[in-house]
Amino acid sequence: DAKTTQPPSMDCAEGRAANLPCNHSTISGNEYVYWYRQIHSQGPQYIIHGLKNNETNEMASLIITEDRKSSTLILPHATLRDTAVYYCIVRVGGTSYGKLTFGQGTILTVHP
Amino acid sequence: DVKVTQSSRYLVKRTGEKVFLECVQDMDHENMFWYRQDPGLGLRLIYFSYDVKMKEKGDIPEGYSVSREKKERFSLILESASTNQTSMYLCASGSAGRGAKETQYFGPGTRLLVL
């Protein structure tokens with residue numbers, strides 16, 4: 001699986017958009033970008049994933065650059081409950097087989 | 001929504017005890033996984049199973065065994081608990097299909113303390 005680079009921490013004001021960047025310059029053609037988050041003392045939660053098109057669901061939007069070497073997860077209206085560690089993962093898509101490898105992630109702190 | 005449940009959120013055991021951690025998923029997933037998560041070490045795969053009665057070793061299987069007698073249930077067994085097995089244990093499940101949404105979904109975790 002390709003390696004990813006994320007900033008160690010970010011802050012965001014409640015109600016504002018949180019934009020979390022991820023670099024994955026060695027991504028292969030069959031690898032997807034997945035985002036998970038982990039709220040303190042809970043299991044990781046799947047957020048969204050994509051291949052090359054931008055994706056949106058009820059939780060977030062994922063913007064992938066045209067060259068696919070970086071992406072941004074957008075939480076459009078961050079709340080205090082969005083405070084968590086956010087992990088960007090690149091792996092072969094379309095299958096749950098194989099281990100997930102989380103990097104250090106980005107600690108997002110949403111403040112009032 | 002996918003639901004993965006784990007039998008306990010917190011567990012305290014003594015060294016040498018046999019410990020059972022149970023995981024149940026309600027999405028008819030073929031694949032199930034046991035990870036442990038420790039500060040600074042990230043997520044490490046202990047065992048996984050891709051079918052009933054099938055199991056594969058992950059990266060750190062020593063000191064653990066697993067059981068999958070039914071599709072929805074995957075148990076992790078610590079044969080003789082040791083203090084270095086104090087950790088957060090995470091169960092995950094996922095479909096074997098190759099659809100666009102195939103990924104792993106996690107349970108809430110069991111925080112195990114071995115004294």
With sequence neighbours left out, what residues match B:Tyr50 under ring pair (Phe, Tyr, Trp, His ring centres under 6.0 Å)?
none
Is there a side-chain contact between A:Leu100 and B:Phe33, using heavy atoms and a 4.5 Å cut-off?
no
Check whether A:Gln38 gets within reach of chain B through its side chain, its backbone, both or neither, counting any heavy atom under 4.5 Å.
side chain
For [X], does the [atom1] atom sit with more than 12 other heavy atoms under 6.0 Å from it, leaving out its own atoms?
X	atom1	value
B:Lys71	NZ	yes
A:Ile107	CD1	no
A:His77	NE2	no

Partner chain A: residue of B:Gly58, B:Pro108, B:Gly42 with the largest heavy-atom pair count (under 4.5 Å)
B:Pro108
Looking at B:Arg111, B:Glu56, B:Gln104, which makes the most heavy-atom pairs under 4.5 Å with chain A?
B:Gln104
Say whether [X] and [Y] are linked into one hydrophobic cluster, either directly or through other cluster members, by side-chain heavy-atom distances under 4.5 angstrom.
X	Y	result
A:Leu20	A:Leu62	yes
B:Tyr35	B:Tyr89	no
B:Tyr10	B:Leu78	no
B:Ile60	B:Val66	yes

Can you check side-chain contact (heavy atoms from CB on, under 4.5 Å) on A:Tyr36 and B:Thr103, steps first, answer last?
CA-CA 11 Å; A:Tyr36 281 78; B:Thr103 186; 2.6 Å; yes
Separation of A:Gln42 CD from B:Met88 CE (nearest 0.5 Å)
8.0 Å
Could you state the interatomic distance from CG (B:Leu43) to CD1 (A:Ile89), rounded to the nearest 0.5 Å?
8.5 Å
Minimum heavy-atom separation for A:Gly43 to B:Leu90, with atom names?
CA-CD2, 3.6 Å
Which pair of non-hydrogen atoms, one from B:Arg9 and one from A:Ser41, has the smallest distance, and what is that distance?
NH2-O, 2.8 Å
Portion of B:Arg44 that has a non-hydrogen atom of chain A nearer than 4.5 angstrom
neither
Please classify the contact between B:Gln37 and chain A as side chain, backbone, both or neither, with a heavy-atom cut-off of under 4.5 Å.
side chain
Once the angle between the rings of B:Tyr105 and A:Tyr46 is folded into 0 to 90°, is it parallel (under 30°), tilted (30 to 60°) or perpendicular (over 60°)?
perpendicular
